[in-house]
Amino acid sequence: MNALKKTLAVTSLVLTLPVIATTAQAFETSANVTLTTDYKFRGISQNDTSPAIQGGFDVAFENGIYIGTWGSMVDFDDPDSSDADLELDYYIGYGGNFSEDVSYDISYLYYDYPSSDSTDFSPYGKRDLDYQEVSASVSYSDATLGFAYSDDYWLETGEFVYVYGDYSLSLPHEFSLDFHYGFNSFEFDSNDSNPKDASQAFLGDGEDSYSDYSITLNKSYSGLDFSLSWIDTDLDKDECWGTDWCESSVVFAISKSL
């Protein structure tokens, strides 16, 4: 995403704040910090399979509107072509209930990599890492269905659609088990007959889609939240830029709500 789009996105958020303040006087703030053995996003490591520190801050208003920011260490240096070391996400959304059991959420997210306005990321050439998404989800009891859409995904790789499903199962002794499946679909593949389109492909080896899935065991104890996740994709090494970022792994995380 170019600088003009980024400026417009941030300006839109700033201009929205006075409206929010006048329509919702009552609000709650929350924050969190996490230490994780890897930052995996949609099944792919964002920190070169290394530990990461993460944290976020949210403001939730009584009328269902919320705004927030979240950040994490990142490392895309495995191909030795990107100097990004920080991801900062900014978001605004609205959530509510259709009934006692059915809820919904819609949001706008901007993914910012402030230490890397653009990068020469082989095989893409010089590209901007920043991008935006809109997303929506509907939850019934412990199950959630949702989607996200980007008009120009990470590294300017074209349109992207993400469809996912989650289910949370309560276990004895206040444990819970979360199941996740996501389907990632991209506009271009690397075997496209048009060389320009092929160079925009997000994945390698001719792929234009992939699935990610995870199973996570959760437990809260002494004010801390613990999670142990098995995370995997159906991508092989060639489809994942020759890295092990997409391989099956176990991720352990400790979080604290502030």
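This structure is a prediction, so every number in the text was calculated from the model and none was measured.
Cluster partners of Leu145, using a side-chain heavy-atom cutoff of under 4.5 Å among ILVMFWY residues and allowing indirect links: none. Taking Ile, Leu, Val, Met, Phe, Trp and Tyr as members and joining any whose side-chain heavy atoms lie under 4.5 Å apart, directly or through other members, Val33 forms no hydrophobic cluster with any other residue. Grouped by direct or indirect side-chain proximity (heavy atoms under 4.5 Å, Ile/Leu/Val/Met/Phe/Trp/Tyr only), Phe188 sits alone.
In this structure Asp85 satisfies the side-chain hydrogen bond (donor to acceptor under 3.5 Å, both in side chains) test together with Ser115, sequence neighbours excluded. Judged as a salt bridge (charged side-chain N to carboxylate O under 4.0 Å, His left out), and not counting sequence neighbours, the contacts of Glu133 are Arg42. Legend: residues meeting side chain to side chain contact (heavy atoms under 4.5 Å, CB included) with Ser135, ordered by chain and number and at least two apart, are Ser107, Leu109, Ala148. The side chain to side chain contact (heavy atoms under 4.5 Å, CB included) check on Ala136 picks up Ile106, Phe147, with sequence neighbours excluded. The side chain to side chain contact (heavy atoms under 4.5 Å, CB included) search around Thr29 returns Phe27, Phe57, Val59, not counting sequence neighbours. Among residues two or more places apart in sequence or in another chain, the side chain to side chain contact (heavy atoms under 4.5 Å, CB included) test is passed with Thr36 by Thr34, Ala52, Gln54, Val251, Ala253.
The aromatic rings of Phe202 and Trp154 stand perpendicular to each other, their planes meeting at an angle above 60°, with 30° marking the opposite boundary. Between Tyr111 and Tyr131, the ring-plane angle classifies as parallel under the 30° and 60° cut-offs.
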Ignoring hydrogens and angles, write down the donor-acceptor pairs under 3.5 Å from the side chains of residues 92-99, residues two or more places apart or on other chains.
from	atom 1	to	atom 2	distance (Å)
Ser99	OG	Asp101	N	3.4
Ser99	OG	Val102	N	3.3

Side-chain donor-acceptor contacts of residues 174-182 below 3.5 Å, not counting sequence neighbours, with atom names and distances?
from	atom 1	to	atom 2	distance (Å)
Ser176	OG	Asn218	ND2	3.3
Asp178	OD1	Ser168	OG	2.8
Asp178	OD2	Asn218	ND2	2.8
His180	ND1	Asp166	OD1	2.6
His180	NE2	Tyr162	OH	2.9
His180	NE2	Asp212	OD1	2.9
Tyr181	OH	Ser211	OG	2.7

Less than 3.5 Å apart, which donor and acceptor atoms pair up between the side chains of residues 221-230 and the rest of the protein, not counting sequence neighbours?
from	atom 1	to	atom 2	distance (Å)
Asp225	OD1	Ser220	OG	2.5
Ser229	OG	Thr216	OG1	2.8
Trp230	NE1	Ser248	OG	2.7

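Side chains of Glu159 and Tyr149 form a contact here, defined as non-hydrogen atoms less than 4.5 Å apart.
Cluster membership for Phe183 and Leu203, using ILVMFWY side-chain heavy atoms within less than 4.5 angstrom, is not shared.
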